[in-house]
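These notes concern the structure reproduced below.
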Amino acid sequence: QLPTDQWGTFTFFAAATKQTHYKTQLLPAAPLVENVGKSYGYPVELKGNASVTWSRGPYSVGWTMRYWSSYDVADLSVASNLIYATNQGGATVASQTYHDVFVRYRYRSAGAAGWKSWLSDTELLLGVRNLFNREPPFDARNSATAYSFFGDPQLASYYVSLRKKL
């Protein structure tokens with residue numbers, strides 16, 4: 001957190017996961033197989049998110065960035081999976097980044113009387129997921145939607161929340 005007298009408070013957050021190994025073995029005598037980034041059913045090599053939130057008085061504004069690294073469309077060491085690479089136009093599904101924003105107003109009026117007491121401790125939140133309306137990359141292996149499971153084929157979504165603390 002970075003509090004300032006004039007500009008309010010800035011809160012920063014970042015988290016990332018680097019998956020170094022995800023090995024499986026079909027049979028005890030079979031070799032270990034590395035599966036990191038092999039297709040949508042296995043972990044990607046790198047994923048992360050970062051955010052910054054500005055708050056001053058009853059107002060807050062936030063931005064979040066979500067990231068997933070590219071991954072193989074299928075395990076291409078299996079001959080029957082080569083069709084996925086052909087349909088994909090390459091061996092990998094592209095990396096993806098999405099941006100989300102929100103605006104929040106918290107009405108706090110301690111000791112308010114009359115109708116204002118009904119608004120006391122009320123929060124209004126407005127937000128957008130996938131702000132830039134970014135389409136998830138094509139994934140030939142995903143027969144359900146043909147998009148990467150990490151994205152939303154509905155593109156941007158909007159939300160409104162009104163919360164009252166009792």
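All heavy atoms count here, side chains included; hydrogens, waters and symmetry mates do not.
- Atom CG of residue Leu125 and atom CZ of residue Phe102 lie 7.0 Å apart, to the nearest 0.5 angstrom.
- Using a distance-only test at 3.5 Å, with no hydrogens or angles considered, no donor-acceptor pair links the side chain of Gln88 to the main chain of Ala91.
- In summary, the side chains of Asp152 and Tyr98 do not present any donor paired with an acceptor at a separation below 3.5 Å, with no hydrogens or angles considered.
- Residues Ser39 and Tyr71 come closest through the heavy atom pair C-CD1, 3.7 Å.
- Nearest heavy atoms, Phe138 versus Asn87: CE2-O, 3.5 Å.
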Start with the C-alpha gap between Thr97 and His99, add the side-chain angles, then the distance that decides, and say whether side-chain contact (heavy atoms from CB on, under 4.5 Å) holds. CA-CA 7 Å; Thr97 304; His99 299 268; 3.8 Å; yes
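- Atom CG in Asp139 sits 10.0 Å away from atom OH in Tyr84 (nearest 0.5 Å).
- Here the closest non-hydrogen pair linking Asn35 and Val33 is ND2-O, 3.2 Å.
- Side chains of Tyr42 and Thr24: no donor on one and acceptor on the other come within 3.5 Å.
- With Phe13 as reference, Asn49 is the one residue of Val52, Thr53, Asn49 to meet the side-chain contact (heavy atoms from CB on, under 4.5 Å) rule.
- The backbone N or O of Gly127 lies less than 3.5 Å from no partner atom in the side chain of Arg104, so there is not a single donor-acceptor pair.
- Of the possible donor and acceptor atoms, one in the side chain of Asp100 sits under 3.5 Å from a partner among the backbone N and O of Asn130.
- Side chain of Gln1 to main chain of Thr9: no donor-acceptor pair is present (N/O by atom type, distance under 3.5 Å, no hydrogens or angles).
- Criterion: ILVMFWY side-chain heavy atoms under 4.5 Å apart, direct or through other members. Under it, Leu162 and Tyr107 are not part of a common hydrophobic cluster.
- How far CZ of Phe10 is from CH2 of Trp54: 7.5 Å, rounded to the nearest 0.5 Å.
- A donor-acceptor contact shorter than 3.5 Å is absent between the side chain of Glu45 and the backbone of Gln19.
- The minimum heavy-atom distance linking Ala74 with Arg141 is given by the pair CB-NH1, 3.5 Å.
- Formation of a donor-acceptor pair under 3.5 Å by the Thr145 side chain with backbone atoms of Tyr147 is found in this model.
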Under 3.5 Å, which donor-acceptor pairs do the side chains of residues 153-161 form with other protein atoms, sequence neighbours left out?
none

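- The main-chain N or O of Thr122 is never found under 3.5 Å from a side-chain atom of Arg106 such that the two would form a donor-acceptor pair.
- No chain of hydrophobic side-chain contacts below 4.5 Å, direct or via other Ile, Leu, Val, Met, Phe, Trp or Tyr residues, connects Leu124 to Val103.
- Remark: the backbone N or O of Asp75 is paired with a side-chain donor or acceptor of Asn81 at under 3.5 angstrom.
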Assess the residue pair Val44 and Phe150 against the criterion (side-chain contact (heavy atoms from CB on, under 4.5 Å)); give the C-alpha distance rounded to whole Å, side-chain angles, the decisive distance to 0.1 Å, and a yes or no. CA-CA 10 Å; Val44 293; Phe150 301 120; 3.6 Å; yes
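- Judged by distance alone, with hydrogens and angles left aside, the side-chain atoms of Thr86 form a donor-acceptor pair with the main-chain N or O of Leu82 at under 3.5 Å.
- Looking at Gln96 and Ser148, their side chains do bring a donor and an acceptor atom within 3.5 Å of each other.
- Note on Phe149: it clusters hydrophobically with Val73, by side-chain heavy-atom contacts below 4.5 Å among ILVMFWY residues.
- Side-chain atoms of Ser95 and Ser70 form no donor-acceptor pair, as typed in the model, at a separation below 3.5 Å.
- A distance-only check finds no donor-acceptor pair linking the side chain of Ser51 to the backbone of Thr64 [under 3.5 Å].
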